[in-house]
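Quick notes on the structure that follows.
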Amino acid sequence: EEQVEGLEEAEKLTEKWQDALPGSFMSSGAYIFFDQYRIIVAQMTSSIGLCLGAVTVISALILGHPLSVLTVIIVLGLVFVDLMGNIVLWDLDLNSISMINLVMAVGLVVDYSMHMAHNFSLQDSMLPRKQRAELAVREIGQPIFLGVSTTFMAILPLAFSSSQAFRVFFKMFFGIVVAGGAHGLIFLPVLLSLLGPSMDGSSTEVVKIDNAEVLESNSEHSPKVAKGTS
């Protein structure tokens, strides 16, 4: 806030000089970094909103069920809240670097959640939600965990970098991997086992067929052999 106030005071001062020195302005390399704090919240909100809108459309095309799409959006919202807390936990500033990581988090986290929700939808819809969630974790849980692990191994060298920007990237990506992996592997299966889409029992009829009816039907449709007379 102090940096933004200093920049605004400098701009007001140059406006007062315009009568005596028309076209005059103040310039400094630090003003570029000061100016970002005036627009960072609005830019972050619009960028993440556009990302969530794109994720909603793609999720609707892939998952097909509104309830599945809703669970994925809920998970993304919770992960975003966790990442905002991650910024406070690491004592970071909300600047262009952390904002870039927050926007990238939408694309990374939706990968974990989308795979789990999609695999849940591929299970037998006649099974209970809890069993479908268990089968989804068994089938897709290990690939998701490997994705989380390999991403963490890829960003681990950034923790030992001498650059502040790279260390910020590591701290943000650490939160993305931990929060995204935990929500995709733990929270989302539990949520699907409670609120996941299930088959409507009224749309499916089970017809019991008597063995006698089957035999009678087969006998009616079986070819008849005419007996010859001598």
Side-chain angles (χ1 to χ4, degrees), residues 44 47-87 89 100-156 158 169-207:
M44 181 186 68
S47 299
I48 293 179
L50 291 173
C51 291
L52 290 177
V55 167
T56 302
V57 174
I58 296 174
S59 300
L61 295 175
I62 295 177
L63 299 178
H65 199 285
L67 199 54
S68 297
V69 177
L70 180 61
T71 55
V72 172
I73 299 301
I74 290 175
V75 170
L76 289 179
L78 292 175
V79 172
F80 179 74
V81 173
D82 292 340
L83 293 178
M84 294 300 293
N86 183 63
I87 293 177
L89 181 64
I100 291 172
N101 282 272
L102 289 173
V103 175
M104 292 172 59
V106 178
L108 292 172
V109 173
V110 73
D111 187 32
Y112 309 141
S113 303
M114 186 74 73
H115 278 91
M116 184 62 67
H118 183 253
N119 193 276
F120 179 86
S121 65
L122 295 179
Q123 303 301 324
D124 187 359
S125 58
M126 300 303 296
L127 295 175
R129 293 190 183 99
K130 182 178 180 180
Q131 188 174 356
R132 294 170 64 193
E134 291 177 356
L135 293 175
V137 172
R138 290 180 182 178
E139 292 181 5
I140 203 65
Q142 183 178 2
I144 293 177
F145 179 76
L146 291 176
V148 172
S149 302
T150 53
T151 302
F152 177 76
M153 294 299 295
I155 65 171
L156 186 59
L158 297 178
F169 262 93
F170 169 77
K171 294 175 181 179
M172 291 298 299
F173 262 82
F174 179 82
I176 293 171
V177 169
V178 173
H183 282 76
L185 290 172
I186 301 174
F187 177 78
L188 183 58
V190 175
L191 184 62
L192 291 174
S193 66
L194 298 175
L195 303 176
S198 61
M199 175 66 72
D200 186 6
S202 61
S203 63
T204 304
E205 296 182 358
V206 179
V207 180

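Small disclaimer: the values here were computed from a predicted structure and weren't measured.
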Looking at CD1 of Ile155 and OG1 of Thr150, how far apart are the two atoms once the value is rounded to the nearest 0.5 Å? 10.5 Å
For the atom pair CD1 (Ile87) and NZ (Lys171), what is the distance rounded to the nearest 0.5 Å? 12.0 Å
Side chain to side chain contact (heavy atoms under 4.5 Å, CB included) with Val103: which residues, sequence neighbours excluded? Ser47, Ile48, Cys51
Can you name the side chain to side chain contact (heavy atoms under 4.5 Å, CB included) partners of Leu108, sequence neighbours left out? Phe173, Ile176
Of Ile73, Val72, Val79, Leu78, the one forming a side-chain contact (heavy atoms from CB on, under 4.5 Å) with Val75 is Val79
Nearest non-hydrogen partners of Gly196 and Phe120, listed with the distance: CA-CE2, 4.0 Å
Indicate every side-chain donor-acceptor pair of residues 180-195 with a distance under 3.5 Å to a residue at least two apart or in another chain.
from	atom 1	to	atom 2	distance (Å)
His183	ND1	Ala179	O	2.7
His183	NE2	Asp82	OD2	3.3
Ser193	OG	Pro189	O	3.4
Ser193	OG	Val190	O	2.6

Selection residues 102-118 - residue pairs positive for side-chain hydrogen bond (donor to acceptor under 3.5 Å, both in side chains), sequence neighbours left out: Asp111-His115
Please tabulate, for the side chains in residues 56-71, all donor-acceptor contacts under 3.5 angstrom to protein atoms that are two or more places apart in sequence or on a different chain.
from	atom 1	to	atom 2	distance (Å)
Thr56	OG1	Leu52	O	2.7
Ser59	OG	Val55	O	2.7
His65	ND1	Leu67	N	3.0
Thr71	OG1	Leu67	O	3.4
Thr71	OG1	Ser68	O	2.6

Who passes side-chain hydrogen bond (donor to acceptor under 3.5 Å, both in side chains) against Glu139, sequence neighbours left out? Asn119, Gln123
Short side-chain to backbone donor-acceptor contact, Arg132 and Leu127, under 3.5 Å: no
